[in-house]
Structures are given as C-alpha cells and as structure tokens.
Number of protein chains: 2
Amino acid sequence: MLKAADQVLFDQGIRATPVDALLQQAEVSAATLYTHFGSKDALIAEALRVRLADWQGVWDQHIVAADNDMARLLAVFDALASYRRDKGHPSRWCAFLAAATELPAAAEEISAVLAADTDLLATRLLHFSRPLAGPRAQELADEVLLAYSGTLTAFLRGYPNAPIDVGRRLAHLAAKACRQPG
Amino acid sequence: MLKAADQVLFDQGIRATPVDALLQQAEVSAATLYTHFGSKDALIAEALRVRLADWQGVWDQHIVAADNDMARLLAVFDALASYRRDKGHPSRWCAFLAAATELPAAAEEISAVLAADTDLLATRLLHFSRPLAGPRAQELADEVLLAYSGTLTAFLRGYPNAPIDVGRRLAHLAAKACRQPG
DNA sequence: GTCTATAAGCGGATAGAC
DNA sequence: GTCTATCCGCTTATAGAC
C-alpha cells in the first residue's frame, strides 16, 4: 500500500492521483486504506515519512563512504544519483517540494515532514561546510542547498540535462571559492 | 479577471483554488468566465502567457541597463528581484514550475508556456554566457539556469534566506570559473 | 480486517432569463 | 455579455455484510 502510494503519488502527482488509483495499484479496497490510515492526507504523510527515512539512509551511506571533507559535502549529490537510480519508479522531481506546491494548506502532519527534510539538508550541509569554509560555512551551506534544490527542479523542468552533474559542479566551485577567498 | 487569476492561482495554488474563488476575487460571475475563456484550464494558460510576457519585459529592462558582459548574464537575478518587488502579490515561488507540478497532464496550451519559459531562459543565458565563457558557454549557461531554478525553489522551501543573493553569488562564481579554467 | 455498495460534498461547467 | 440557478461527474469517505 505504502509502496504503491509512493510510486503513484509522486510520479503522477499528489492531487492528480485519486484514491481509486492507489487502491487499484495496491490491489486493496477502499475500506482497507481508511482503516489503516484514516484519510488520503494521512497516507500521504506516512509515504513522505518513509521516503525521508529512506533518503536519509542512502545519504548516510554516501557520507560514510566519502574519505575527505569535500567528498562529504558533495555526497548529497552522489546520494541523489543513487536514490533515483536504485528506485524502480523515480518520482518526477522531489516528493517534498511537490507536496509543498500541491498542498499549500497541508495538514500539520504533512508540512512537518517538509520542514524536517529542509532541516536535515540545512543542518548536514552546514556541518560539512565547517571544515571547508570555517567562518563562511553558513554561506557555503546556503550555496550548496541552492545548487541541490536547483538540481531537483531541473528534473521538473526537463532542463538542463544531467542536472546532478551540473549541481555538483556548482557546489564544488562554491566550496573551492570559500577556501580561496576573493 | 486575469489579474485576479494571476494573484490567487499562483499564491494559493492552482489546483487548490476553486473557480468560485477566482470569481469572487474578480467580482464577476461564472458565466462571464466561461464565455471569455471557455474553461479553467484556458484561463490558467492565458494567465501564464501574460505572466511570461511581463517577466520577459522586466528582464529586458535589466539587460539593457547592464553595462558589461557579466552584468548582462547576472541580470536575470536583478530582474527576479524587481519582478517580485514590484508585484503587489508575489507568487509563492514560480508560476511556471508550479503549473508543471500541479498539472502533470496539462493541456498542450499550458505546457507550451512552460516550455517557452524554459526555452527563454536557456536561450538567453547561453547567449550571455558566450562572451564570458567562449567554448564553455553551454556549461556556464546550465550552471546559471540551475542557480536560478534553485533560487526560485528556495522561495517554496522557505530556505535559505535571501535566495536571490545566494543564487547570484553562485552564478557569479560559475562565470568567474569559466574565465579562469582550473 | 477486508470486501461491496453507497453516501455526502465539492468543483467545473451550463441553461436560460435579462 | 452578464447574472442566477442548477446540473453532472468525480473524489473522498463510510456503512454494513462476511
């Protein structure tokens, strides 16, 4: 059920997907969904929570595998590539940003996950920016987050090609600039 | 009517806004909307076309005002700041990207405007990248487009603060790097 | 717990008068 | 061309049997 929801909701669109489509995909019946989750919104929230946990796990692996400060900062781009590659059904772009756009008056339960995603990004990128940029760590973290968000949005836009490479390049430049001010 | 549509659709959300809300905002009646536009989708498409034309005009002004190659490339960020400042009701982020997310199976009329926006960005940024980056112009244009998209998405994410400054900084770095390879 | 069938409400669109 | 009133379909959610 959750797997089906993740696949269809974030590929076809959250609001564009009627509950019936989820039921059909999961091969269960309406009553089952509503006894387990209570509402479509609650199902969305749960699917987002699962997704955030999965994504964090993939990112963790790439951080552990990185062997220097620069690689740890840029691991977020490698993790994104892995996450999308390993997932059978890659979402159209970013499920969290899609939810923010499609559900502007989302239930607290939903917006909390979006905030958690942004917070995870901001916190980790700042952490990994410190050894590279010292006092300019916040500046660097902001730049990398922007490059990362730009990469995600490039999937939605369909342009440019190979957005992960472009975003990674941008982040790399930003990191080098903070080491060599001017 | 179009002004009301632009304000409400792209601030409250396209799908989240019922036709009734647009009618109330514009102080007209349902029949009026449907005789003039034919459908909600057609109204959305027209609002997007108007918005693209306005945006292009603002960008034009900032290009003309720029007095060197670097300023012309970065004018897109100044134009974005102007556009949002001068608009009474700034949209939540980018109307075109919002439409792409909210209407995944959009009518051709709508997706054409999105394609036109991306095309305008890609074409102009490549044009202004040439004098700065020469053979690496495409590379630079991709990077600036990514930084620009990241800036827009930062409005949706609510983070980082001052996204236009961050995006502009990234684009500037990318341009400098193309002038000084390595 | 899961199914079938159905209720309740909303949103987009239209009919017909003026 | 605009309004009032209304229709129709879709979507979410529930009731009641098994």
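As a basis for the values below, the full set of heavy atoms in this structure was taken, side chains included, without hydrogen atoms, waters or symmetry mates. Every chain is numbered from 1, with letters handed out A, B, ... down the list of sequences.
The nearest whole Å value for the distance from the CG atom in L33(A) to the P atom in dG1(C) is 15 Å. Residue I44(A) contributes atom CD1, which lies 14 Å from atom P of dT11(D) at whole-angstrom precision. When the P atom of dT11(D) is taken as reference, atom CD of Q12(A) falls 13 Å away, rounded to whole Å. Atom CZ of F37(A) is separated from atom C1' of dT14(D) by 18 Å (rounded to the nearest Å). Taking atom CE of M1(A) as the reference point, atom C1' of dT2(C) lies 13 Å away to the nearest angstrom. In this structure, H36(B) atom NE2 and dT14(C) atom P are separated by 15 Å, rounded to whole Å. Regarding E27(B), its CD atom lies at a distance of 21 Å from the P atom of dG1(D), rounded to whole Å.
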Please tabulate the protein-to-nucleotide N/O contacts below 3.5 Å involving nucleotides 11-13 of chain C, giving atom names and distances.
residue: dG12(C); atom: OP1; partner: K40(B); partner atom: NZ; Å: 2.9
residue: dG12(C); atom: OP2; partner: V19(B); partner atom: N; Å: 2.6
residue: dA13(C); atom: OP2; partner: Y34(B); partner atom: OH; Å: 3.1
residue: dA13(C); atom: OP2; partner: K40(B); partner atom: N; Å: 2.9

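No side-chain donor from either of T101(B) and T101(A) sits under 3.5 Å from a side-chain acceptor of the other.
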Test log, rule salt bridge (Lys or Arg N to Asp or Glu O under 4.0 Å), inputs R169(A) and D142(B): CA-CA 11 Å; R169(A) 230 159 57 208; D142(B) 286 354; 5.2 Å; no
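With T123(B) contributing its side chain and L120(B) its backbone, the two residues share no donor-acceptor pair below 3.5 Å.
Ring orientation note: the planes of W55(B) and Y83(B) are nearly perpendicular, at an angle over 60° on the 30°/60° scale.
Within 4.0 Å (heavy atoms only), T32(B) reaches sugar-phosphate atoms of the nucleic acid but no base atom.
Using a cutoff of 4.0 Å between basic side-chain nitrogens and carboxylate oxygens, R85(A) and D78(A) are not scored as salt-bridged. Here R72(A) pairs with D69(A) in a salt bridge; the nearest charged N to carboxylate O distance falls below 4.0 Å.
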